[in-house]
**Q** 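Next up is a structure, given as structure tokens.
Nothing here was measured: the structure is a model prediction, and the numbers come from that model. A note on names: the letters A, B, ... follow the listed sequences, proteins ahead of strands, and every chain is numbered from 1.
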Amino acid sequence: MNAENIINLLKRHIIEVGRKDILRFVTFIFVFALCTMAFLPIEIPMQTAPLSIIVLVLMYQITAAAIYATYPTNRGMHYLMIPVSATEKFISNSILIYIYYNALYLGALFIGQILGIGIFNLISNYQCVYTLPNIVPGMIIIILVQEAVMMFSSIYFRKNAFIKTILATFILCIAIMIFNTIFISVFHQMNFLEAASCVNISNVTIDSIPDWLGFLIITIIFIFFNFMTWLRLRETEA
Amino acid sequence: MIQLQDIHFAYRKDRVIFNELNLSLTNGHIYGLFGKNGAGKTTLLKIMAGLRFAQEGTVTTLGENAALRKTSMLKDIYFLSEEMYAPALTIKKYVQCYAPFYENFNHDQFDEYLHLFEITDQSQKLTALSLGQKKKVLISFALATNTKILLMDEPTNGLDIPSKTSFRKIMSMAASDDRLIFISTHQVRDLHSLIDAVVILDNGSILLNATTDEIVEKLCFKVTDANGTDEPILYCEDNLQGSTVVTENVHHIETKLDIELLFNAVMMNKQRINELFNRKF
């Protein structure tokens, strides 16, 4: 493994899409500042439902941007022919997705909210103080897992990887629910509709299992998808 | 430099592209790859570059298994595909982005090739260039990488007439004894004076792999009237001057190779061509 190759790959990324990323960063700051100003009179930032949705949508947007920038399928052949190893490509993409884009996103969120509060204080009689959003470590891990899945699917699907992943995840959830319903109906001797009414997806959260087990499961999923991405990158054809 | 042995490749079970294909390419040559539409020319280039994997057989490029795409192999091979990747970067930035990956990239050569192609402003964005101009930039880049193997898929598509002349000039400048250039094209006349070896692909196998010298040693290309030759005729094409024929070169007369006629002759006399150039490719 050659560190220079990884640096060259990162430089290539910055030269190719750096401008777009700056534009994205500034747009996000603007959106977060506006949202903070709009919701500040109602509740504390990050805890209002509409703002959380905006935060989530922008997070998906940045994930999509990250995977497009790293594994765009329309130039797959060109990318595969860059003379660096699959491991070096994988490492540089991991740095971009897990560190660079997350830092870009969180930076925009932080600056946007401070800016929003500052402007709000200037134009109103309130004197709001900024408090850091309560970011739970579990939430960060889930984001990383989601990005790992996206990174894998972006190299697995040749076209429209982002939409296909969302759909695949949705179908998987439905399949789990159906499997769960069948399981309940068989073991509790209920008919399918009665069993379906017992299935409540909201009960199946990370809180309902011990912390260590949840952490272990998520770590395994994270490692699994990263390993699959590395394998797929080695074996993909153009 | 490139060795393909007993290659079997199919996109689907019912769509076999290559069956027991054998091909050996050595350095110091500019090969022209010819074949009908759908013969598998692009697929063959991709297999050589390690972008497609043969289901059976071995593909050795620069002494490595091509499918592994090892860095040592990728550093010395450049594949200029027909579907060009041209990001929204200026020519200068493109070079800044990709040249560091190639140890032997020569900036002076790149500037010279661009100059010969009459592209003087390197601050132009690739996306703002016409198809032909994009191609000129990417051909210049490909040649300036100075890789040992250069695979080109339809490089003259989209080039105007003066640019095709420049292309031939630049290619002959870039050719060297330790370099292998493999060009796949339909436009035989563009490569006529450039290539020194011909590979003809048909029905999943190699019909001909010979240098131009070997070809003119064994075949004769001439214009004659209907009864004007006593040599076995492999192919005949009527035109205003009489008939253009490809015959076996029984009397060892040196004639000028016509790739288009050669291609037609090979297609019509597969068995005889195989006997004449009797060897395993």
**Q** Taking the side chain as everything from C-beta on, heavy atoms only, tell me whether Phe117(B) gets closer than 4.5 Å to Ile139(B).
**A**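 When only atoms from C-beta onward are counted, Ile139(B) and Phe117(B) do touch, with a gap below 4.5 Å.
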
**Q** Quick check against the 3.5 Å criterion: does Glu88(A) have a side-chain atom that pairs as donor or acceptor with the backbone of Asn2(A)?
**A**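 Present.
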
**Q** What residues of residues 101-111 of chain B sit under 4.5 Å from chain A when only non-hydrogen atoms are counted?
**A**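 Only Phe101(B), Tyr102(B) of residues 101-111 of chain B have a heavy atom under 4.5 Å from chain A.
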
**Q** Which residue, Leu23(B), Leu4(B), Leu201(B), Asn203(B), forms the side-chain contact (heavy atoms from CB on, under 4.5 Å) with Phe18(B)?
**A**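 With Phe18(B) as partner, Leu23(B), Leu4(B), Leu201(B), Asn203(B) yield a single side-chain contact (heavy atoms from CB on, under 4.5 Å), made by Leu201(B).
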
**Q** Which atoms of Leu9(A) are under 4.5 Å from chain B, going by heavy atoms: the side chain, the backbone, both sets, or neither?
**A**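 Both parts, backbone and side chain.
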
**Q** Quick one: is the NZ or CZ of Arg232(A) closer than 6.0 Å to the six-membered ring centre of Trp230(A), and within 45° of its axis?
**A**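 No - Arg232(A) does not lie over the ring of Trp230(A) by the 6.0 Å and 45° rule.
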
**Q** Under the 6.0 Å and 45° cation-pi test, does Lys46(B) pair with Phe79(B)?
**A**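 Geometry flag: not set, cation outside 6.0 Å or 45°.
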
**Q** With rounding to the nearest 0.5 angstrom, report the CZ to CD1 distance, Phe90(A) to Ile97(A).
**A**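 These two atoms lie 9.0 Å from each other.
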
